[in-house]
Amino acid sequence: MQALIHSVKILKMSFQKDSSNGNWNEQILKKVLEKYGVEVQVPRRLTDYEKEVGKEDGYSNFFVRDPFFTIGHFLIEGSLRFPHRRNEILPVRNLLVQEANENQCFYVSIPKPDMADGFDSEAGPFIEGGDVLVLDKTIFVGNSGLASNKNGVQWLRNLASNFDYSVVEVPLHPSIFHLDCALSLVREGLMIFCEEALIDGIPEQLRDWDKIHVSLEDAAKLATNGLPIE
């Protein structure tokens with residue numbers, strides 16, 4: 001619980017800002033990405049009805065990175081651990097359906113979380129996009145106890161193994177929210193990582209890569225969390 005509270009505080013400190021600058025920042029980022037030939041699609045906002053339904057547990061449009069992820073031709077809706085985040089997929093689903101139809105993707109979804117022991121049950125399965133990192137036919141999945149869990153990793157392993165992918169679970173420091181907060185692949189052969197955040201060390205497949213080191217404190221502030229665009 002202390003690790004969870006710490007992580008929430010870090011996220012709050014990292015993302016507090018003057019809301020009047022929000023749209024301006026989005027437009028600047030959009031222009032930078034488009035400069036490098038990246039197509040930018042923006043999710044819609046939650047509707048009034050979706051907000052009303054979410055009043056009891058809360059609601060958010062937080063990180064569009066987390067509710068889904070892609071592996072090859074698979075487009076996969078994940079399952080978010082925090083109840084107030086579980087409808088974050090809705091504002092982006094129309095874009096996912098469009099992409100899936102245009103590119104003949106395998107569009108699948110992990111089962112809904114088990115609530116037999118209550119709405120806050122830890123059974124899951126949980127798997128979040130920020131925990132999934134794909135390198136060729138290897139899929140790394142982070143697990144700190146704050147987001148994805150073993151049941152989610154096993155679900156993905158069952159699916160991916162049928163298509164010649166191997167799934168590697170990466171245990172994370174309990175203050176690290178997602179794998180992308182501990183490890184980022186800049187390009188082939190170069191990674192940014194936090195050694196303290198990786199409980200079992202660097203995954204074997206990446207040990208020969210060149211490395212840029214960051215501290216645990218900086219990792220908690222998302223120092224490794226980037227977006228390679230080339």
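If you read the sequence from its start, that first residue is 1, and numbering goes on from there.
Here OG1 of Thr70 is found 8.5 Å from CD1 of Ile76. Values are rounded to the nearest 0.5 Å. The distance from atom CD1 of Ile127 to atom CG of Leu159, rounded to the nearest 0.5 Å, is 9.5 Å. For the atom pair NZ (Lys221) and CG (Leu216), the distance works out to 11.0 Å, reported to the nearest 0.5 Å. Asp66 contributes atom CG, which lies 12.0 Å from atom OG of Ser79 (distance to the nearest 0.5 angstrom). Atoms CD and CG, from Gln154 and Asn151 in turn, are 8.5 Å apart once rounded to the nearest 0.5 Å.
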Next item on the list: Starting from the C-alpha separation in whole Å, work towards a yes-or-no answer on side-chain contact (heavy atoms from CB on, under 4.5 Å) for Leu146 and Arg81.
Entry: CA-CA 7 Å; Leu146 297 177; Arg81 181 182 289 258; 5.6 Å; no

Next item on the list: Decide yes or no on side-chain contact (heavy atoms from CB on, under 4.5 Å) for Leu183 and Val170, but give the supporting numbers first.
Entry: CA-CA 10 Å; Leu183 173 66; Val170 183; 5.9 Å; no

Check: Can Phe193 and Lys211 be said to form a side-chain contact (heavy atoms from CB on, under 4.5 Å), step by step?
Finding: CA-CA 7 Å; Phe193 86 112; Lys211 303 168 185 68; 3.6 Å; yes

Notebook entry, point to check: side-chain contact (heavy atoms from CB on, under 4.5 Å) between Phe140 and Leu135: does it pass, once the steps are laid out?
Noted result: CA-CA 8 Å; Phe140 303 101; Leu135 177 65; 4.0 Å; yes

Next item on the list: Report the C-alpha distance between Lys55 and Glu52 in whole Å, list the side-chain angles of each, state the deciding distance to 0.1 Å, and finish with yes or no for salt bridge (charged side-chain N to carboxylate O under 4.0 Å, His left out).
Entry: CA-CA 5 Å; Lys55 270 187 175 180; Glu52 184 68 28; 3.2 Å; yes

Scan the side chains in residues 201-210 for donor-acceptor partners under 3.5 Å anywhere in the protein, sequence neighbours excluded, and list what turns up.
unit_1	atom_1	unit_2	atom_2	d
Arg207	NE	Ile202	O	2.7
Arg207	NH2	Ile202	O	3.3

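Counting non-hydrogen atoms of neighbouring residues, nucleotides and ligands closer than 6.0 angstrom, the CG atom of Asp48 reaches no more than 12 such neighbours. By the neighbour-count criterion of 12 heavy atoms within 6.0 Å, atom NZ of Lys137 is densely surrounded, having more than that number from other residues, nucleotides or ligands. Atom CD of Gln41 is surrounded by more than 12 heavy atoms from other residues, nucleotides or ligands within 6.0 Å.
Aromatic ring centres of Phe177 and Phe82: separated by under 6.0 Å.
Side chains of Ser60 and Glu88: a donor-acceptor N/O pair is present below 3.5 angstrom, by distance only.
Closest of all the heavy-atom pairs between Ser144 and Ile176 is OG-O, 2.7 Å.
Glu102 meets the side-chain contact (heavy atoms from CB on, under 4.5 Å) test with Gln98, Glu99; sequence neighbours excluded.
The aromatic rings of Phe163 and Phe74 sit perpendicular, their planes meeting at an angle over 60°, well past the 30° parallel limit.
A salt bridge is absent between Arg86 and Asp57: the closest approach of a Lys/Arg side-chain nitrogen to an acidic carboxylate oxygen does not fall below 4.0 angstrom. Residues Glu169 and Lys150 are paired through a salt bridge, judged by an N-O separation under 4.0 Å between the basic side chain and the carboxylate.
A donor-acceptor pair is defined here as one N or O able to donate and one able to accept, closer than 3.5 Å; no such pair exists between the side chain of His178 and the backbone of Asp180. At distances below 3.5 Å, not a single donor-acceptor pair connects side-chain atoms of Asn225 with backbone N or O atoms of Cys181. Without hydrogens or angle criteria, Asn103 side chain to Cys105 main chain gives no donor-acceptor distance under 3.5 Å. Within the 3.5 Å criterion, the main-chain N or O of Ser184 finds no donor-acceptor partner in the side chain of Thr224. In this structure a side-chain-to-backbone donor-acceptor pair under 3.5 Å is present from Asn149 to Glu122. One N or O on the side chain of Ser148 and one on the backbone of Glu128 form a donor-acceptor pair closer than 3.5 Å.
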